[in-house]
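First comes the structure, then the notes that go with it.
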Amino acid sequence: MKKNILVLFFFLAANAFSQQIYIEAGKTISSFDYKNSQGVRLDNLQATSNSFMSVGYRSKSLVKKAKILFGVSYVGYGAVGSDDSVGNYMEWDINYLEFNTGLDYELFKIKGSTFYLKGTTAIGFLAQGIQIINNRVINLKNEDDFDKIIFDFRGGFGFLQSISSNLSFYVQYMHGKSLMLKTGTTVTSDNEVLRYVNDKVSFGLLINIYDY
């Protein structure tokens, strides 16, 4: 046990000299993948644009061209829609605090620009959210469908450009889906499903905090 702790300590200490801080902001285009209790998809559910911000750090990994990332994000999600059968207008505006980890992998370099693939996973907690149904506003705190831990998986690509020996900027695109927020049961013949679908476009800065 002590040997394992020592190995972990030295591994982290070695990586401590090859770290960067990242600061990132951008837009999230999000909607819901939703089916009602009869398994029918709500066709006129539309995506909305929201903002997000992230901070974290990026470090070398055991794989030469791969970097490990850990961070925290404040992310907005939402959607608008209507149900013509009952004459309802619906709107959601929801914000989550997310803790994420992932990897980016260098594909190739051209004149100082690095092109990469990226994959992340995140765990999120509801910070605040409302749902509007016609003229009624509903606070989503303590609502079972939304006030729960969410798990999100994303993949995408981007490019990184060095500005100086200690500073770089990057632009990237990510597409993601969450695990189901709500699932029906075969016992009650309820086929309702609900999860987030999102696309993110962002800009970020990488700041070297140790010799990279």
Side-chain angles (χ1 to χ4, degrees), residues 19-36 41-42 45-59 61 66-81 90-105 116-133 137-158 170-185 190 192-206:
Q19 293 181 356
Q20 296 172 309
I21 291 174
Y22 68 83
I23 304 169
E24 181 181 334
K27 286 291 185 180
T28 301
I29 309 299
S30 65
S31 188
F32 297 118
D33 180 6
Y34 176 75
K35 294 180 182 179
N36 63 22
R41 193 178 301 277
L42 187 61
L45 196 62
Q46 303 296 320
T48 60
S49 174
N50 298 272
S51 299
F52 78 94
M53 293 187 65
S54 299
V55 294
Y57 74 87
R58 178 178 184 255
S59 176
S61 72
K67 305 296 188 297
I68 303 173
L69 306 112
F70 298 94
V72 59
S73 304
Y74 190 75
V75 186
Y77 297 104
V80 296
M90 298 162 287
E91 181 178 347
W92 294 265
D93 184 4
I94 308 165
N95 291 282
Y96 283 90
L97 182 66
E98 295 185 351
F99 299 90
N100 48 75
T101 183
L103 287 170
D104 64 60
Y105 184 83
Y116 61 87
L117 295 177
K118 185 174 182 179
T120 64
T121 183
I123 179 172
F125 303 86
L126 181 66
Q128 67 86 28
I130 60 170
Q131 178 181 7
I132 299 173
I133 302 179
V137 178
I138 302 169
N139 186 349
L140 295 178
K141 271 291 189 181
N142 301 317
E143 290 289 331
D144 290 340
D145 288 353
F146 295 93
D147 195 1
K148 62 174 62 174
I149 297 174
I150 64 167
F151 297 91
D152 197 297
F153 301 90
R154 302 185 183 101
F157 57 88
Y170 61 92
V171 180
Q172 70 182 21
Y173 164 80
M174 301 289 287
H175 174 74
K177 289 185 178 181
S178 71
L179 295 182
M180 295 297 184
L181 280 76
K182 181 177 179 62
T183 57
T185 63
D190 182 0
E192 186 175 13
V193 296
L194 173 66
R195 66 179 175 182
Y196 293 111
V197 180
N198 58 85
D199 294 279
K200 290 184 174 182
V201 178
S202 60
F203 300 86
L205 291 174
L206 281 172

So do the side chains of [X] and [Y] get within less than 4.5 Å of each other, counting heavy atoms only?
| X | Y | value |
| --- | --- | --- |
| Ile94 | Leu140 | yes |
| Phe70 | Tyr57 | yes |
| Val55 | Ile21 | no |
| Arg58 | Asp104 | yes |
| Asp93 | Asn50 | yes |
| Met174 | Thr120 | yes |
| Glu91 | Ile130 | no |
| Ser51 | Lys27 | yes |

Report the residues that fulfil side chain to side chain donor-acceptor pair (under 3.5 Å) with Ser73, sequence neighbours left out, ordered by chain and then residue number.
->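 Listed in chain order: Ser54, Asn100.
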
Looking at residues at least two apart in the chain, or sitting in another chain, which of them share a side chain to side chain donor-acceptor pair (under 3.5 Å) with Ser202?
->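 Expected list: Glu24.
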
Could you go step by step and tell me if Ser61 and Ile68 meet the side-chain contact (heavy atoms from CB on, under 4.5 Å) rule?
-> CA-CA 6 Å; Ser61 72; Ile68 303 173; 3.5 Å; yes

Keeping [X] on the side-chain end and [Y] on the backbone end, is there a donor-acceptor pair under 3.5 Å?
| X | Y | result |
| --- | --- | --- |
| Ser178 | Ile150 | no |
| Lys118 | Tyr173 | no |
| Thr101 | Leu69 | yes |

Taking every non-hydrogen atom, the tightest pair across Asn95 and Gly76 |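 Smallest interatomic distance, heavy atoms only, reads OD1-CA, 3.4 Å.
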
Exercise: identify the closest heavy-atom pair between Thr48 and Ala79 |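 Closest approach of Thr48 to Ala79: OG1-N, 3.4 Å.
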
Please identify each residue that fulfils salt bridge (charged side-chain N to carboxylate O under 4.0 Å, His left out) with Asp152, with sequence neighbours left out.
->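 With neighbours one apart ignored, the set is Arg154.
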
Do the two ring centres, one from [X] and one from [Y], sit under 6.0 Å apart?
| X | Y | value |
| --- | --- | --- |
| Phe203 | Tyr170 | no |
| Phe125 | Tyr96 | no |
| Phe32 | Tyr196 | yes |

Would you check, one step at a time, whether the test side-chain contact (heavy atoms from CB on, under 4.5 Å) holds for Lys200 with Val75?
-> CA-CA 10 Å; Lys200 290 184 174 182; Val75 186; 3.8 Å; yes

Using the side-chain contact (heavy atoms from CB on, under 4.5 Å) rule, take Val171 and Phe157 through it: C-alpha gap first, then chi angles, then the decisive distance, then the call.
-> CA-CA 9 Å; Val171 180; Phe157 57 88; over 6 Å; no

